[in-house]
Protein chains: 2
Amino acid sequence: MSVKLRFEPRRYLFDEGDAPRYVFSIASGTVCLSKALSDGRRQITGFLFAGDFIGLAHGETCAYTAEALTPVEVCRFPRDRFERYMTEHPHVERRLLQIASTELAAAQDQMLLLGRKTATERVASFLIRLSDRAVAHGRSGNPVCLPMTRAEIGDYLGLTLETVSRTMTQLRKRGAIDLDNTSVVRLTSEETLRRLAGV
Amino acid sequence: MSVKLRFEPRRYLFDEGDAPRYVFSIASGTVCLSKALSDGRRQITGFLFAGDFIGLAHGETCAYTAEALTPVEVCRFPRDRFERYMTEHPHVERRLLQIASTELAAAQDQMLLLGRKTATERVASFLIRLSDRAVAHGRSGNPVCLPMTRAEIGDYLGLTLETVSRTMTQLRKRGAIDLDNTSVVRLTSEETLRRLAGV
DNA sequence: CGCGGCATTGAGGTGCATCAAAGACAGTGG
DNA sequence: CCACTGTCTTTGATGCACCTCAATGCCGCG
């Protein structure tokens with residue numbers, strides 16, 4: 001019923017507008033979900049990691065694009081079969097409702113971030129979320145790995161890549177973080193960072 | 001099992017951080033859901049109307065505030081009983097999953113709007129959405145009623161009330177809309193409006 | 001070594017916020 | 001019926017946070 005697949009960086013699992021034929025479960029790697037405007041502006045709506053589920057929020061067509069940022073391994077299920085299976089196993093349906101509920105809460109948090117937070121608050125919030133998420137997955141929350149580029153962080157936070165970069169150096173100068181290299185951030189003062197994240 | 005209640009404008013159905021004791025179904029009126037930062041900045045995450053359901057996305061505490069904008073009539077259900085009922089009636093659970101899925105898609109749309117759209121695109125998108133929603137509810141999509149203030153629209157679109165006001169007059173000057181009064185908008189050129197909404 | 005992709009930094013511009021004032025409108029009470 | 005009040009909206013003047021454009025630096029890889 002399921003297939004194990006591998007996607008290289010920059011490959012699409014599916015594209016906005018495609019018929020939603022499959023759902024996925026991520027075994028390893030990082031995936032981003034995004035929506036785009038016709039002129040190329042895009043908004044990344046979430047980063048997904050091992051254990052995460054892809055396939056909610058589709059109607060007649062996929063509502064967003066799913067792209068591998070790193071090498072990614074997934075289990076792929078035909079959508080119709082998955083739905084039949086779900087109908088026959090209410091606890092799966094219940095679990096999916098929990099997932100949807102959690103994602104909805106995260107989406108609302110992100111709306112607050114995008115609509116009302118400053119660049120500093122956005123970047124600080126982002127780093128804290130990644131750290132908390134790593135802890136929730138049983139990994140270390142410090143240092144934090146950033147398996148995505150500055151441009152992708154910008155597309156997630158509603159900023160340009162330059163502003164993300166400038167804000168990170170500003171956080172470094174303020175003593176909140178330290179960069180081991182461009183994709184590994186040590187949170188030197190989580191307290192400062194949480195304060196800067198603004199609630 | 002349920003109670004019918006009435007809330008006057010500016011009353012809260014519940015507040016961010018409350019224990020989530022109830023779920024609601026709106027019988028009439030307009031409700032907004034919002035999240036706030038400690039300094040008072042807030043983001044409205046959605047406007048709800050007759051027929052809509054309130055109660056998703058709660059964990060240990062309510063993740064957002066629900067406030068009546070107009071006189072509102074609701075059916076209120078104790079959360080625990082509702083969940084028990086849901087477990088015993090899988091089709092209710094399935095329906096709730098559909099609702100969550102739809103809301104998630106709407107949330108992703110809103111992230112694109114908040115992260116990447118200009119003020120003009122935001123206001124135009126907002127008016128079109130309200131119009132489409134009215135049609136989906138079997139009411140006329142033109143003219144569109146705005147049962148919320150400019151400040152509330154601003155808190156929804158990530159703008160200030162002044163920018164919302166300026167943008168509306170600009171849309172009027174461009175011939176896309178006309179204001180019968182401050183809370184009734186006629187879409188004089190839906191085509192122009194959709195073009196300005198950007199995708 | 002040299003190339004390509006990504007990150008950082010700088011200089012300058014702009015879209016929206018902020019601050020301020022005046023206009024529109026509904027409700028209230030004399 | 002109208003003055004009065006409070007709330008909401010519109011419009012104007014100014015400032016700033018972030019964007020844009022451009023140059024340079026960094027690093028892995030063939």
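Each chain gets a letter, A, B and so on, in the order the sequences are listed, and its residues count up from 1.
For A/Thr160, the side-chain atoms get nearest to D/dC19 when compared with the rest of D/dT9, C/dT9, D/dC19. In this structure, of D/dC18, D/dT9, C/dT9, it is D/dT9 that holds the atom nearest to the side chain of B/Ser165.
In summary, the side chains of B/Glu67 and B/Ser34 do not present any donor paired with an acceptor at a separation below 3.5 Å, with no hydrogens or angles considered.
Across all strands, B/Leu159 comes closer than 4.0 Å only to sugar-phosphate atoms, never to a base (heavy-atom distances). Backbone-only engagement by B/Thr182 is indicated by non-hydrogen atom pairs under 4.0 Å involving sugar-phosphate atoms exclusively. Using a 4.0 Å heavy-atom distance criterion, B/Leu146 is classed as making no nucleic acid contact. Using a 4.0 Å heavy-atom cutoff across all strands shown, B/Gly154 reaches no nucleic acid atom at all. Backbone-only engagement by A/Arg10 is indicated by non-hydrogen atom pairs under 4.0 Å involving sugar-phosphate atoms exclusively.
Going from atom CG of B/Leu179 over to atom P of D/dC8 covers 18 Å, rounded to whole Å. In this structure, B/Arg116 atom CZ and D/dC19 atom P are separated by 7 Å, rounded to whole Å. The CG atom of A/Leu157 sits 16 Å away from the C1' atom of D/dA17 (whole-angstrom rounding). Between B/Asp155 atom CG and C/dA17 atom C1' there is a gap of 13 Å when expressed in whole angstrom units. Straight-line distance from the CZ atom of B/Arg122 to the P atom of C/dA17: 8 Å, rounded to whole Å. Between B/Lys117 atom NZ and D/dC19 atom P the separation is 18 Å, expressed in whole Å.
By the 30° and 60° cut-offs, the orientation of the rings of A/His89 relative to A/Tyr85 is parallel. Below 30°, between 30° and 60°, or above 60°: for B/Phe7 and B/Phe24 the angle between ring planes is above 60°, a perpendicular geometry.
Under 3.5 Å, the side chain of B/Glu162 and the base of C/dC19 form at least one donor-acceptor pair of N or O atoms. With hydrogens and angles ignored, a donor-acceptor pair under 3.5 angstrom links the side chain of B/Arg166 to the base of C/dT18.
For the pair A/Thr149 and C/dC6, the criterion of a side-chain N or O lying under 4.0 Å from OP1 or OP2 is not met.
In this structure, the side chains of B/Met111 and A/Lys35 stay at 4.5 Å or more apart for every pair of heavy atoms.
Under a hydrophobic clustering in which Ile, Leu, Val, Met, Phe, Trp and Tyr are joined whenever their side-chain heavy atoms come within less than 4.5 Å, directly or via other members, A/Leu33 and A/Val74 fall into the same cluster.
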